[in-house]
Visitor: 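Next up is a structure, given as structure tokens.
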Amino acid sequence: MTSLDDPMAELRAALAAAAAELRGSPAGVELRLDRPPRPEFGDFSTNAPLQLAAGLDAQPRAVADRLGELLGRVLGPDLDRAEVAGPGFLNLFLSDRFWRSSLATVIAAGERFGAGAAATPGTERILVEFVSANPTGPITVAAARHAAYGDSLCRILAFAGHAVEREYYVNDTGAQIRRFAESLAARARGEEPPEDGYRGTYVAELAAGIPGAADLPLDALTARGVQLMLAGVAATLERFRVSFDRFFFERSLHSEGAIRRTLALLDERGHVYASEGATWLRTSALGDDKDRVLRRSSGELTYFAADVAYHEEKLRRGPDRAIDVLGADHHGYVARMKAAWVALGGEPDRLELLIMQLVNLTEGGRRVQMSKREGEFVTLDELIDDIGVDAARWFLLQRSHDTTLDLDLALAREQSPDNPVYYVQYAHARIAAIRRRAGEQRIAAAGAADLVAGETSLHPSERALVRRLLDFPSEVATCATRRAPHRLTAYALELAQGFSAFYRDCRVVGAGEEGGDEAFRLVLSGACQATLARALDLLGVEAPESM
RNA sequence: GCCCCCGUAGCUCAGCGGAUAAGAGCGAGGGACUUCUAAUCCCUAGGUCGCAGGUUCGAAUCCUGCCGGGGGCGCCA
């Protein structure tokens with residue numbers, strides 16, 4: 001997106017131009033345009049005078065005065081007035097001409113509105129690994145949160161202009177897998193799984209789906225079981241609108257000697273030593289609180305060793321950045337992986353390890369129990385059957401990834417305005433209804449109209465709605481850089497609220513007779529609908545035409 | 001023993017790379033419109049931003065300590 005597609009970027013540029021005139025080159029200072037809490041403080045406020053005053057050795061309020069004048073010259077009729085406030089803030093009141101031409105800019109940008117926001121800091125090739133749940137059982141609600149988060153993050157990063165690769169790491173070897181296979185074998189023979197095995201009923205069902213399972217060698221049964229389980233997992237994720245570019249199998253690291261090569265490489269670089277019969281990686285030299293075992297005294301490789309090799313492989317593929325979305329139980333693992341990454345020659349900042357917090361399901365305030373041990377856990381399939389994909393994704397995305405999330409099934413099921421996802425979808429559907437009512441002719445006429453030339457004074461609800469629309473590009477950029485899809489749920493809700501208020505105050509179809517501007521309102525509704533649809537798409541939630 | 005997350009209105013939570021005067025939804029109370037989808041909107045009440053220090057012209061936001069809640073780790077995967 002160029003600044004020509006983003007009215008706020010143009011406004012910021014105008015501010016920078018005025019500041020530059022005051023001071024030459026405003027290098028090193030961040031000139032911010034904030035949204036004041038109340039309309040009396042204007043449409044936007046800036047701390048620029050405070051920032052500039054220090055370098056100019058002048059009173060901030062005097063600087064604010066002069067900046068206001070300069071800005072008036074740069075913005076011309078777009079600026080209604082500028083007021084100095086507090087210690088040296090400048091409150092800006094934009095004119096209807098600004099709102100009108102801004103809407104025209106948004107419409108001209110079309111599909112590009114809000115896209116490519118990452119261009120300024122630079123686009124990157126980003127490898128995102130998420131879910132990576134062991135193929136020993138169905139996707140749980142905790143993993144569902146990973147799926148929703150990782151997928152939405154990828155959508156946002158891609159929309160912001162990055163090249164994103166989505167990857168699922170499959171732990172298809174090791175002790176857990178062995179227990180899984182043994183449980184399958186037991187079920188196939190009609191026996192109970194071993195004490196430390198997997199006891200869920202799905203194991204028996206899976207075993208029943210493997211011809212001759214009771215007589216297969218354990219290796220073959222393992223391969224078949226993992227394959228079937230993973231197919232089920234992928235199908236569930238597909239249903240949840242989550243897809244991957246690549247499933248990476250841990251087994252391939254063993255069979256192709258990648259782990260051995262990685263260990264040799266680390267040894268060459270002097271990061272490895274032997275002690276107590278085990279082989280260790282000296283992670284403590286790189287920020288970890290102790291060294292970590294790569295090969296146990298028994299000769300067995302650790303899970304960590306495989307993961308180091310996996311990251312060596314990632315590093316060799318040459319992405320600008322790798323993001324690992326990990327479970328809460330992996331937080332102790334962050335320091336050692338980061339150390340390994342650096343030992344492998346990676347730049348520390350190019351590996352991001354994001355820790356997801358847990359999900360609690362509640363039902364009207366009561367906690368719903370989830371116990372994987374007993375095989376009585378809520379699966380993603382069950383969650384989708386209960387509340388639907390849209391509600392599930394929305395509620396799982398609503399909170400920051402690093403905070404514990406309570407999902408109220410009763411609320412998520414509800415089809416009422418109390419339920420935010422329905423509220424937002426309803427606003428979208430309602431706009432669709434208005435446009436159907438208007439008909440193609442009026443919409444075409446509105447599209448051809450000169451919005452800026454409109455004479456009528458805008459209703460406050462119209463201005464407020466345009467302003468919320470203009471927030472979209474920077475909101476997307478923030479969501480991308482802070483890896484924070486949850487902010488988009490808040491934005492979508494605010495935009496929907498803005499539309500609902502506008503809808504109440506302003507007749508759209510046939511507005512001309514009541515003093516409003518039908519063309520402007522049709523175009524505004526359309527832009528609002530498109531932006532709601534885009535925000536929902538980035539969250540992986542559908543935007544219905546009718547409800 | 002070590003580590004992570006959280007503590008903001010009655011409830012659920014945004015905000016937390018500092019900045020004028022703290023936000024939303026639900027719940028509570030009051031009201032509007034009788035429509036282009038009432039699956040709506042507006043107003044009111046309600047907060048020592050866990051506590052105590054510190055940095056700063058300025059802290060819910062950054063730092064330190066403490067208290068309370070949740071969770072994790074310690075050649076498991």
Visitor: Counting side-chain heavy atoms from C-beta on, which of B:A14, B:C75, B:A77 comes nearest to A:S400?
Guide: B:A14

Visitor: Please determine whether a side-chain nitrogen or oxygen atom of A:H486 lies at a distance below 4.0 Å from atom OP1 or OP2 of B:A24.
Guide: no

Visitor: Taking atom C1' in both B:C11 and B:C4, what distance in whole Å separates the two?
Guide: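 Those two atoms are separated by 26 Å.
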
Visitor: Looking across every strand, which nucleic acid part, if any, lies under 4.0 Å from A:D402 by heavy atom: base, sugar-phosphate, or nothing?
Guide: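 The residue A:D402 makes sugar-phosphate contact but no base contact.
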
Visitor: Determine the Euclidean distance between corresponding C1' atoms of B:A19 and B:U55; express it in Å to zero decimal places.
Guide: 16 Å

Visitor: Students often get this wrong, so: under 4.0 angstrom with heavy atoms, is A:I434 touching a base, only sugar-phosphate, or nothing?
Guide: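 Base, at least one base heavy atom under 4.0 Å.
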
Visitor: Counting only Watson-Crick or G-U wobble pairs whose two distances fall under 3.5 Å, which nucleotide matches B:G47?
Guide: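 With both distances under 3.5 Å required, B:G47 matches none.
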
Visitor: Measure from the side-chain heavy atoms of A:A175 and tell me the nearest of B:A77, B:C36, B:C42.
Guide: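 Nearest listed nucleotide: B:A77.
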
Visitor: Taking atom P in both B:G17 and B:A77, compute the distance separating them and give it to the nearest angstrom.
Guide: 38 Å

Visitor: So A:T173, base contact, sugar-phosphate only, or nothing? Heavy-atom distance under 4.0 Å.
Guide: sugar-phosphate

Visitor: So what does A:H330 hit on the nucleic acid, given a heavy-atom distance under 4.0 Å: a base, only sugar-phosphate, or nothing?
Guide: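 Base, at least one base atom sits under 4.0 Å.
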
Visitor: Counting only side-chain heavy atoms from C-beta out, which of B:A14, B:C36, B:C5 sits nearest to A:Y503?
Guide: B:C36

Visitor: Mind checking the C1' distance from B:C13 to B:G54? Whole angstroms is fine.
Guide: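 B:C13 and B:G54 have their C1' atoms separated by 29 Å.
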
Visitor: Would you measure the distance from the C1' atom in B:C3 across to the matching atom in B:G74 and give it in whole Å?
Guide: 11 Å

Visitor: Using a 4.0 Å heavy-atom cut-off across all strands, classify A:R487 as base, sugar-phosphate, or nothing.
Guide: sugar-phosphate

Visitor: Give the table of side-chain donor-acceptor pairs shorter than 3.5 Å for residues 489-501 of chain A, with sequence neighbours excluded, one pair per line with atom names and distance.
Guide:
| from | atom 1 | to | atom 2 | distance (Å) |
| --- | --- | --- | --- | --- |
| A:T489 | OG1 | A:H486 | O | 2.6 |
| A:Y491 | OH | A:R468 | O | 2.6 |
| A:S500 | OG | A:Y423 | OH | 3.1 |
| A:S500 | OG | A:A496 | O | 3.1 |

Visitor: For B:U12, which nucleotide is its Watson-Crick or G-U wobble mate, given both distances must be under 3.5 Å?
Guide: B:A24

Visitor: Please name the residue in the list A:W341, A:F249, A:F248 that meets the ring-ring contact (aromatic ring centres under 6.0 Å, His included) test with A:Y310.
Guide: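 Filter result, single survivor: A:F248.
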
Visitor: Hey, does A:A433 reach any base, or is it just sugar-phosphate, or nothing, if we go heavy atoms under 4.0 Å?
Guide: base

Visitor: Testing A:K338, A:R321, A:R482 for salt bridge (charged side-chain N to carboxylate O under 4.0 Å, His left out) with A:E352, which one passes?
Guide: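 Testing A:E352 for a salt bridge (charged side-chain N to carboxylate O under 4.0 Å, His left out) against A:K338, A:R321, A:R482 leaves exactly one candidate, A:R321.
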
Visitor: With a non-hydrogen cut-off below 4.0 angstrom, is A:S298 in contact with a base, only sugar-phosphate, or nothing?
Guide: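 Since no nucleic acid heavy atom lies under 4.0 Å of A:S298, the category is nothing.
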
Visitor: Decide yes or no, distance alone: a donor-acceptor N/O pair under 3.5 angstrom between the base of B:C13 and the side-chain of A:Q398.
Guide: no

Visitor: Indicate, with a heavy-atom threshold strictly under 4.0 Å, whether A:R296 touches base, sugar-phosphate, or nothing.
Guide: base

Visitor: Ignoring hydrogens and angles, are the base of B:U20 and the side chain of A:N91 linked by a donor-acceptor pair under 3.5 Å?
Guide: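 Present.
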
Visitor: Checking all strands, does A:F304 fall into the base, sugar-phosphate, or nothing category for heavy-atom contacts under 4.0 angstrom?
Guide: nothing

Visitor: Roughly how many Å apart are B:C63 and B:C26, using the C1' atom of each and rounding to a whole number?
Guide: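 To the nearest whole Å, 36 Å.
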
Visitor: If you measure from the C1' atom in B:C49 to the same atom in B:G15, how many Å do you get, rounded?
Guide: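 Those two atoms are separated by 11 Å.
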
